[in-house]
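In the text below, chain A, chain B and the rest are named by the order of the sequence lines, each starting its count at 1. Computed from a prediction, not measured in an experiment: that's the story for all the values here.
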2 protein chains.
Amino acid sequence: MINFFVKFKYGIPIYEQVIFSVKKAIVTGQLKPGDRFPSVRELSRELRINPNTAQKVVSHLVKENLLKIEPGIGSVVSQLSSATDMQKKGILENEVEKFVVEAKRLLITKQEVMDALDRYWNEKGKG
Amino acid sequence: MINFFVKFKYGIPIYEQVIFSVKKAIVTGQLKPGDRFPSVRELSRELRINPNTAQKVVSHLVKENLLKIEPGIGSVVSQLSSATDMQKKGILENEVEKFVVEAKRLLITKQEVMDALDRYWNEKGKG
DNA sequence: CAAGTGTACTATGGTATATAATACAGTTAG
DNA sequence: CTAACTGTATTATATACCATAGTACACTTG
């Protein structure tokens, strides 16, 4: 059984969309540390994607320390670990910059952004 | 003369990086509404990119209403226009979602994000 | 008319994405 | 031990995107 959902959009690589869905599932507590993650073949079958694409998803998630492989058995959801200062600096500068520029170009106010952020943070924050 | 700067990074399409730099220049007031925008050939020469890539930049910016073409003359920076409710909904849900998921997976706190957002908004907000 | 605009087109090379079909080593249930 | 399951690697094909090069055309300005 698959315990997360993906509604594929056109124009974004499938493997990226699946990766994001998994991250979202983990962040919201839908997938918990220690949970067994679907096998490559099961992922392929259930999401109707190529086994190689499913394998790409797993290898990326392992590289990002979100999954851990138990050889011969399968993969397991890892515990979330705090970002290093470097990583924090990265996301909090690069990502915020992109975000702010896009908002300002559409004349969206800081308050609107803060509200949206606050709302979304709590809404999906049960995990 | 080129009135904005691009430091190219590997792995991100050149035309995307240039587009973002232009947006940033507009948002920060470095490029003001009514300013003449460099011609395709000048952009190509100054940034050392292919004319076709420069043309791609211009056409994208025109499509996003950030530049306006005066046929036979050149292009001019447009006035920023407020987003429609649909556009706001788009950026404030999709973009915030991506952002929050990435932050939470690195166990970055809401306060850290809010602070970074607030800091960056004011820092680059002289325009 | 000459030189500058944006734009369109063909062509080539490199890379990324998604698919298909095998194959192999390790682990586990029966 | 065997069968069935794990992750992983390989080769191959088709498509799309990205960046480059070169040429051409209609338009406007000095």
Checklist line | Nearest atoms (heavy-atom pairs only) where A:Val113 meets A:Phe99 | finding: CG1-CE2, 3.3 Å
Item checked: Positional range of nucleotides in DNA chain D within the contact set of chain B, heavy-atom, under 4.0 Å -> D:dC18 to D:dT29
Notebook entry, point to check: Any ion pair linking B:Lys98 and A:Glu95 (charged N to carboxylate O, less than 4.0 Å)?
Noted result: no
Checklist line | Pairs satisfying side-chain hydrogen bond (donor to acceptor under 3.5 Å, both in side chains), at least one member in residues 29-51 of chain B, at least two apart | finding: B:Asn50-B:Asn52
Item checked: For DNA chain C, the residues among residues 37-47 of chain B that have a non-hydrogen atom under 4.0 Å from it -> B:Ser39, B:Val40, B:Arg41
Next item on the list: Considering only heavy atoms of chain A and a distance under 4.0 Å, specify the first and last nucleotide of DNA chain C in 5' to 3' order that meet this criterion.
Entry: C:dT17 to C:dT28
Margin query: So which atom in A:Lys24 and which in B:Glu97 form the shortest heavy-atom distance, rounded to 0.1 Å?
Written below: NZ-OE2, 3.0 Å
Note to self: Does any part of the side chain of A:Glu112, heavy atoms only, come nearer than 4.5 Å to the side chain of A:Thr109, both counted from C-beta?
What the structure shows: yes
Next item on the list: With a 4.0 Å heavy-atom cut-off, tell me which residues in residues 9-18 of chain A come close to DNA chain C, sorted by residue number.
Entry: A:Pro13, A:Ile14, A:Tyr15
Check: Do B:Phe37 and B:Val76 touch side chain to side chain, with heavy atoms closer than 4.5 Å?
Finding: no
Check: Taking all non-hydrogen atoms of both residues, which atom of B:Ile69 and which atom of B:Ser75 are closest, and how far apart?
Finding: CD1-CB, 3.6 Å
Note to self: Restricting to salt bridge (charged side-chain N to carboxylate O under 4.0 Å, His left out), what partner residues turn up for A:Lys23, sequence neighbours left out?
What the structure shows: A:Glu64, B:Glu102
Item checked: A:Leu66 side, atom CG; A:Ser78 side, atom OG - distance, nearest 0.5 Å -> 7.0 Å
Margin query: Would you say that more than 12 heavy atoms from the other residues, nucleotides or ligands in this model lie under 6.0 Å from the NZ of B:Lys68, or not?
Written below: no
Item checked: Nearest-nucleotide 5' precedence on DNA chain D, B:Thr53 against B:Pro71 -> B:Thr53
Check: Side chains of B:Lys110 and A:Asn122: closer than 4.5 Å at any heavy-atom pair?
Finding: yes
Notebook entry, point to check: Between A:Ile26 and A:Phe4, is any pair of side-chain heavy atoms under 4.5 Å apart?
Noted result: no
